[in-house]
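Reckoned from all heavy atoms, side chains included, excluding hydrogens, waters and symmetry mates. As the structure lists them, so they are numbered: ligands from 1, and atoms in each ligand from 1.
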Amino acid sequence: MIDLHTHTNQSDGTLTPQELLGEAARVGLEALAITDHDTFAGYDQAAAALNGIDLICGIELSTKYEGRSVHLLAYFLKGDPGAEFRTWVLGLIASRRQRNQELIDTLRQAGIQITLEEVSARGRGMIGRPHFAAVMLDKGYVASAQQAFDKYLGESGSCFTPRDEVNFSEAVARILAAGGLPVLAHPGRILPDPAAFEDCLDGMRSAGLRGLEAFHSEHSAEQAKAWATLARRYSLAVTGGSDFHGAAKPGIALGAGNIPLSVLQELRRVA
Ligand code: AMP
Ligand code: MN
Ligand code: MN
Ligand code: MN
């Protein structure tokens, strides 16, 4: 069993990288990819504290594809990305800082009195909306983190504040140049019906996309099968992971989906 989509407290998960390794051992994972948003800090710390598990370097990037926000996963199956890619990723954090300040202003105008200092104290290098949700919950503005997203922070929330996202094609090209495998994350969140996705997939593959995250905690078993079939039809590798965030998303367990090791073996062949 493997899990190729996980977050540590270096992005918006709640477990430290060391705790995530421990949890992986506890649930019996054979391989684990750390795919924090916009940072390798969690992977780097885990790599320095390995406990025998097959650890894969990954990252999750938010990109713009034809006006939509589309998440990309990158896997570095043949070794870590080089300095150039790491420097580029550091630059992505800057667009977050800008958005985070704007989001604070928007929330305060809506009567939600939280500060950037309070939010920043919740996270590490990467501060994201889940850290805002945690502060709003603590200060009693919402009854749950999910309610913070539904009412205020999510795309249909009253205080939604977009951020500058890198162009899909540019991100794919940079991942490929760094020796990584670019994979479309949780496609079901973009369009629930795989059949409606075919037009999109052609363009994404032409841009250099190499894989599709068919197995994901938001996909039903039936949907996962349909995504895997679609991936094969477009010669894309099939990947999968839970999108574990620890207590930030309590419904999602590490290793959810029982994804078999053969998925990773196939990925390594493609890479
Ligand atoms: P950010 O990258 O700062 O814009 O925050 C995005 C993160 O917030 C995602 O990675 C999810 O963990 C979480 N998130 C985004 N939208 C929602 C939503 N509608 N409900 C719950 N969590 C969400
Ligand atoms: Mn997240
Ligand atoms: Mn995502
Ligand atoms: Mn994720």
> Taking the six-membered ring for Trp, are Phe85 and Phe76 ring centroids under 6.0 Å apart?
Replying inline: yes
>> Restricting to N/O/S atoms, is His245 within less than 2.8 Å of the Mn ion (ligand 4) or not?
In response: no
> Donor-acceptor pair, Thr6 side chain versus Ala33 backbone, under 3.5 Å?
Replying inline: yes
> Among the N, O or S atoms that Glu60 has, which is closest to the Mn ion (ligand 3)?
Replying inline: OE2
> Near the Mn ion (ligand 3), is there an N/O/S atom from His71 that is less than 2.8 Å away?
Replying inline: yes
> Given atoms OD1 of Asp243 and NE2 of His7, what angle do they subtend at the Mn ion (ligand 4), to the nearest 10 degrees?
Replying inline: 90°
> Do Leu20 and Phe244 come close enough that some side-chain heavy atom pair is under 4.5 Å?
Replying inline: yes
>> With a heavy-atom distance limit of 4.0 Å, tell me whether His7 approaches ligand 1 through its side chain, its backbone, both, or neither.
In response: neither
> Are a donor atom and an acceptor atom from the side chains of Ser217 and Asp243 found within less than 3.5 Å of each other?
Replying inline: no
>> Can you report which non-hydrogen protein atom sits closest to atom 13 (C) of ligand 1, along with the distance?
In response: Phe149 CZ, 3.5 Å
> Side chain, backbone, both or neither: which part of Asp12 has a heavy atom under 4.0 Å from ligand 1?
Replying inline: side chain
>> I'd like to know if Arg269 pairs up with Glu266 as an ion pair, taking the criterion as any Lys NZ or Arg NE/NH1/NH2 lying under 4.0 Å from an Asp or Glu carboxylate oxygen.
In response: yes
> Distance only, no hydrogens: is a donor on one side chain within 3.5 Å (strictly under) of an acceptor on the other, for His131 and Asp12?
Replying inline: no
>> Checking a contact table here: which protein heavy atom is nearest atom 5 (O) of ligand 1, and how many Å away?
In response: Arg129 NE, 3.5 Å
> For ligand 1, which atoms sit closer than 4.0 Å to a heavy atom of His37?
Replying inline: 10 (O)
> How does Arg96 reach ligand 1, if at all, at less than 4.0 Å between non-hydrogen atoms: by side chain, backbone, both, or neither?
Replying inline: side chain
>> Below a 4.0 angstrom heavy-atom separation, can you tell me which part of Arg99, side chain or backbone, both or neither, approaches ligand 1?
In response: side chain
> What protein heavy atom sits nearest atom 11 (C) of ligand 1, and how far away is it?
Replying inline: Lys249 NZ, 3.4 Å
> Looking only at protein heavy atoms, which one is nearest to atom 21 (C) of ligand 1, and how far off is it?
Replying inline: Gln146 OE1, 3.3 Å
